Amino acid sequence: MLIWTIWIVVFGMKATGNMASQTSKAKPKSVPFAEFAADIERRRVETGITELPRNSGKRRIESKKALLAAIEAAGGSGEGESLGILNGVIQ
């Protein structure tokens, strides 16, 4: 049941105005990548999560399969290590 239907049934009137989320007009704070990576590592230690599950790749679309095949043909593995990423940190 939609919210406006509830307004009609309960209050006998339609909802008016903009129901969209009102967000802050402040600009988001820019966070340096090194600080972001350190924060993620700190959260992993606090929660005890040491290894994140890998995506099995069983539901990849054809364009993703083609991209990974092209990366492998060019000498890469399609994994983060070949892209210069190790443990979430760009090398």
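Just so it is clear, the values below take in all heavy atoms, side chains as well, and ignore hydrogens, waters and symmetry mates. Keep in mind that this is a model prediction, so the values were computed, not measured.
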For this session: Please answer: with hydrophobic residues joined when any side-chain heavy atoms are less than 4.5 Å apart, are Phe33 and Val31 in the same cluster?
Result: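 Yes, Phe33 and Val31 fall within the same hydrophobic cluster.
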Exercise. So do Arg60 and Leu68 actually touch side chain to side chain, heavy atoms under 4.5 Å?
Worked result: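 In short, these two side chains touch, coming nearer than 4.5 Å.
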Exercise. Can you name the residues that form a side chain to side chain donor-acceptor pair (under 3.5 Å) with Arg59, not counting sequence neighbours?
Worked result: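 If we apply the side chain to side chain donor-acceptor pair (under 3.5 Å) test to Arg59, skipping adjacent residues, there are no hits.
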Problem set entry | Lys65: salt bridge (charged side-chain N to carboxylate O under 4.0 Å, His left out) partners, not counting sequence neighbours |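 Once residues adjacent in sequence are excluded, the partners of Lys65 under the salt bridge (charged side-chain N to carboxylate O under 4.0 Å, His left out) criterion are Glu62.
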Exercise. How would you list, by chain and number, every residue that makes a salt bridge (charged side-chain N to carboxylate O under 4.0 Å, His left out) with Glu51, sequence neighbours excluded?
Worked result: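 None.
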Exercise. Looking at CD1 of Ile61 and CG of Leu67, how far apart are the two atoms once the value is rounded to the nearest 0.5 Å?
Worked result: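 One gets 10.0 Å once the value is rounded to the nearest 0.5 Å.
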Exercise. More than 12 heavy atoms of other residues, nucleotides or ligands under 6.0 Å from CZ of Arg42: is that the case?
Worked result: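 Correct, the count exceeds 12.
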